[in-house]
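Taking it in order: structure first as structure tokens, then the write-up.
Below, each value reflects all heavy atoms present in this structure, side chains not excepted, and no hydrogens, waters or symmetry copies. Letters A, B, ... mirror the listed sequences (proteins, then strands); counts begin at 1.
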Protein chains: 2
Amino acid sequence: MESVGMTAHDHGSCKAERLAAAHGFCDAHRLHFTAVRRRVFEILLDEHKALGAYDILARLKAEGFGSQPPVAYRTLDFLVKHGFVHRIERLNAYVACVHPCETHDPAFMICRLCNTVAETSALPSRGMLGPAAREAGFEIEQTVVEAIGVCPSCRAEGVAG
Amino acid sequence: MESVGMTAHDHGSCKAERLAAAHGFCDAHRLHFTAVRRRVFEILLDEHKALGAYDILARLKAEGFGSQPPVAYRTLDFLVKHGFVHRIERLNAYVACVHPCETHDPAFMICRLCNTVAETSALPSRGMLGPAAREAGFEIEQTVVEAIGVCPSCRAEGVAG
DNA sequence: CTTGCTATGTTATAGTATTCCATATACGGG
DNA sequence: CCCGTATATGGAATACTATAACATAGCAAG
Ligand SMILES: [Zn+2]
Ligand SMILES: [Zn+2]
Ligand SMILES: [Zn+2]
Ligand SMILES: [Zn+2]
């Protein structure tokens with residue numbers, strides 16, 4: 001057991017399960033879970049925190065993959081499009097999803113001190129926005145919910161400000 | 001009456017009221033509502049939609065203010081910090097607040113076709129995130145809630161996709 | 001007036017993302 | 001198997017977003 005995100009869990013099996021799930025999903029949907037795509041997903045699973053496109057690009061380059069921005073952005077677009085990875089707007093960064101292969105509305109808690117990102121569900125938020133949207137005649141397709149604050153570990157250190 | 005955002009309202013008086021409120025707030029808090037700050041706020045009030053920092057910078061430059069990025073970013077930072085303006089993370093853009101001088105948790109509905117932005121309240125969302133945050137020991141300081149979808153006007157045009 | 005703080009302005013640079021074109025690989029029909 | 005087509009990868013160039021660092025100007029308290 002190691003601590004990742006803001007709670008502890010068995011990360012080794014967590015990674016293996018999600019890789020398998022992603023592979024299965026791609027097979028089932030005639031999508032190509034290619035080497036770069038797999039590798040980027042692995043990198044994000046290993047880090048278990050938000051990484052910028054250029055962080056990922058640097059690793060790809062070091063491993064012999066393409067070295068130009070589109071390589072990272074295309075791969076991330078694919079992973080985001082199919083729900084394996086989420087983009088964190090506030091950080092211009094990406095995290096592996098903790099609920100692979102299920103459509104959902106994620107919400108994130110972002111520590112402003114250590115940049116740790118924890119994913120949770122935002123379905124309630126969509127529900128609450130619903131009335132306002134209905135009144136305005138606005139058709140919600142996707143929600144971005146990101147809470148900024150201080151994680152328990154950083155707060156324990158009393159670094160808060 | 002003209003239609004702005006996603007509902008109709010009297011925009012002329014809306015602008016005047018908010019300018020006056022901002023001016024009053026600055027007086028009360030020993031803040032300087034200087035020419036650039038006032039002008040940027042006016043620009044955002046006039047547009048009543050999200051503008052990027054460089055859009056604003058271009059107008060400032062045309063009017064004889066400074067022409068370099070920091071001019072726009074500093075001014076926007078001031079307006080955001082004091083709640084006159086909100087940043088839309090999803091668009092890297094800024095909109096005038098519709099509830100000046102009151103602390104609040106805004107939520108936004110963003111039309112992906114015309115980029116119109118409507119502000120509403122996100123307090124419920126904070127409430128719904130609360131349980132997850134408490135369980136994780138995460139201290140929420142600010143929330144970003146942005147719904148992406150299609151506004152009534154764009155949907156009426158049947159352009160949706 | 002002088003001192004210190006705030007605000008404005010500029011240059012330069014850093015960080016993020018997309019457009020466009022070329023090559024390569026996978027896939028299905030013949 | 002071969003070919004045509006769609007998809008995937010690689011890269012050059014460029015656009016867009018944002019900050020760091022420094023200089024000058026305005027203002028207010030002492
Ligand atoms: Zn998820
Ligand atoms: Zn932290
Ligand atoms: Zn507001
Ligand atoms: Zn629209």
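- Per the geometry, CZ belonging to A/Arg37 stands 11 Å off P belonging to D/dT7, to the nearest Å.
- Bracketed by its first and final contacts, the part of DNA chain C lying under 4.0 Å from non-hydrogen atoms of chain A reaches from C/dT16 to C/dC27 in 5' to 3' order.
- Taking the six-membered ring where the residue is Trp, the centroids of B/His86 and B/Tyr94 are separated by 6.0 Å or more.
- Aromatic pair B/Phe25/B/Phe84: ring centres closer than 6.0 Å.
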Item to check | Test salt bridge (Lys or Arg N to Asp or Glu O under 4.0 Å) applied to A/Arg90 and A/Glu146, step by step | outcome: CA-CA 8 Å; A/Arg90 177 64 179 234; A/Glu146 299 174 359; over 6 Å; no
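- At distances below 3.5 Å, not a single donor-acceptor pair connects side-chain atoms of B/Arg112 with backbone N or O atoms of B/Cys151.
- One finds a side-chain N or O of B/Asn92 lying less than 4.0 angstrom from the OP1 or OP2 phosphate oxygen of D/dA18.
- Residues passing the side-chain hydrogen bond (donor to acceptor under 3.5 Å, both in side chains) test with A/Lys15, sequence neighbours excluded: A/Asp46.
- Taking atom CG of residue A/Leu79 and atom P of nucleotide D/dT9, one finds them 10 Å apart after rounding to whole Å.
- Rounded to whole Å, the distance from NE2 on A/His32 to P on D/dT9 is 9 Å.
- In this structure, B/Glu89 atom CD and D/dC16 atom C1' are separated by 16 Å, rounded to whole Å.
- Whole-Å rounding puts the A/Leu57 CG to D/dG11 C1' distance at 11 Å.
- Remark: B/Arg30 is not in phosphate contact with D/dC27, judged by side-chain N or O atoms under 4.0 Å from OP1 or OP2.
- We find that CG of A/Leu31 is positioned 14 Å from C1' of D/dA6, with the value rounded to whole Å.
- Between A/Arg38 atom CZ and D/dT9 atom C1' the separation is 19 Å, expressed in whole Å.
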Checklist entry - Taking it one step at a time, do A/Arg38 and A/Glu42 satisfy salt bridge (Lys or Arg N to Asp or Glu O under 4.0 Å)? => result CA-CA 6 Å; A/Arg38 178 187 177 96; A/Glu42 283 180 349; 3.2 Å; yes
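- Among the atoms of the strands shown, none is found under 4.0 Å from any heavy atom of A/Phe78.
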Checklist entry - Can you check salt bridge (Lys or Arg N to Asp or Glu O under 4.0 Å) on B/Glu63 and B/Lys61, steps first, answer last? => result CA-CA 5 Å; B/Glu63 295 176 20; B/Lys61 182 177 180 179; over 6 Å; no
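- Listed here is the closest heavy atom pair of A/Thr120 and B/Ala132: OG1-CB, 3.7 Å.
- Under the 6.0 Å distance and 45° angle rule, B/Arg37 counts as a cation-pi partner of B/Phe78.
- Contacts between residues 61-76 of chain B and DNA chain D, defined by a heavy-atom separation under 4.0 Å, are made by B/Pro69, B/Pro70, B/Tyr73.
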